[in-house]
Amino acid sequence: MTITPVKAFGDNYIWTIHANGRAVCIDPGEAAPAADFLAQHGLSLDQIWITHHHNNHTGGIRDLQAQFPNTPVYGNSDIAAATQTVSDGQTLDFGGASATVWATPGHTAHHVSYLLENSDGLHVFCGDTLFSAGCGRVFTGTIAQLFASFQRYNSLPPETLFYPAHEYTAANLRFAAHIEPDNADIQTALFAALAANAPTLPVTLAHERKINPFLRAHLPQVKARAEALCSWKLDSELAVFAALRELKNGF
């Protein structure tokens with residue numbers, strides 16, 4: 001089983017899982033890049049998994065269905081094109097492996113993630129909930145939901161691989177360095193991201209715990225920096241997380 005990022009738009013990834021001539025496409029915002037990849041590699045489209053309803057994650061579904069009739073589309077109840085509605089705890093099978101659906105709201109109210117476990121380990125397709133060194137903006141969800149989703153992710157093993165849907169790493173690391181200017185791990189990661197000619201993703205949870213401010217809101221230095229930048233006291237880890245998101249919005 002191979003997992004490949006297929007680029008779409010300027011900074012989207014359509015993560016494509018393929019094995020034995022069959023493939024799953026996750027969040028195909030554009031049909032053409034996915035269809036071209038499938039044709040180049042002689043793959044049939046077996047399933048489509050959708051994390052949330054935004055058009056840059058769903059816009060290619062109809063054209064892919066036209067090229068690959070009867071391909072099931074898995075998504076939450078707010079996905080208009082879904083042919084199979086998923087819910088928290090449900091499992092999907094592909095290529096001899098199993099993927100568990102997790103509710104991970106916050107960016108949107110009905111955002112889900114797909115946790116695929118195979119012989120290589122655990123792979124989390126997290127859409128726009130977690131980015132490397134960052135998190136998604138809050139649209140139809142709430143900041144408390146997003147915080148809870150991060151706490152849920154943080155319960156996973158450190159070697160878990162995360163597959164965000166956007167290449168926002170360098171920009172996120174600049175903000176992370178603004179929050180923790182003395183964090184050598186952030187500086188190293190930023191240098192590597194700027195130098196990379198390839199995707200910076202996937203990333204391990206262990207890596208994110210070192211460089212992602214939204215997974216570090218419990219730390220005294222992050223709390224102190226957020227309070228200094230906001231000019232008010234923050235009385236909980238959730239409050240620090242929310243302040244960081246507001247600071248990132250204006251960064």
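Just so you know, these numbers use all the heavy atoms, side chains as well, and skip hydrogens, waters and symmetry mates.
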For Asn55, look at atom CG and say whether over 12 heavy atoms of other residues, nucleotides or ligands are found less than 6.0 Å away.
-> yes

Can you tell me how far CZ of Phe175 sits from CD1 of Ile186, rounded to the nearest 0.5 angstrom?
-> 10.0 Å

Going through the distances and angles, do Leu115 and His123 end up as a side-chain contact (heavy atoms from CB on, under 4.5 Å)?
-> CA-CA 6 Å; Leu115 282 66; His123 310 264; over 6 Å; no

Side chain to side chain, Ser98 and Leu92, heavy atoms closer than 4.5 Å = no

Under 30°, 30 to 60°, or over 60°: which ring-plane class applies to Phe241 and Phe150, parallel, tilted or perpendicular?
-> perpendicular

Determine whether Arg225 and Glu180 make a side-chain contact, defined as any pair of heavy atoms from C-beta on separated by less than 4.5 Å.
-> no

Mind running side-chain contact (heavy atoms from CB on, under 4.5 Å) on Leu146 and Cys135 for me, showing each step along the way?
-> CA-CA 8 Å; Leu146 188 60; Cys135 70; 3.8 Å; yes

Quick one: does Thr2's side chain get under 4.5 Å of Thr4's, heavy atoms only?
-> yes

What's the verdict on side-chain contact (heavy atoms from CB on, under 4.5 Å) for Glu208 and Phe162, showing C-alpha distance, side-chain angles and the deciding distance?
-> CA-CA 9 Å; Glu208 289 303 299; Phe162 282 80; 5.6 Å; no

Is there a path of hydrophobic side-chain contacts, each under 4.5 Å between heavy atoms of I, L, V, M, F, W or Y residues, that connects Tyr163 with Val86?
-> yes

Neighbour count above 12 (heavy atom, 6.0 Å) for Phe191 CZ | no

Under 4.0 Å between a Lys/Arg side-chain N and an Asp/Glu carboxylate O for Arg22 and Asp46?
-> yes

Would a 4.5 Å heavy-atom cut-off, applied to side chains only, mark Arg209 and Asn154 as touching?
-> yes

Grab the two heavy atoms, one from Asp27 and one from Gly127, that are nearest each other, plus how far apart they are.
-> OD2-CA, 4.1 Å

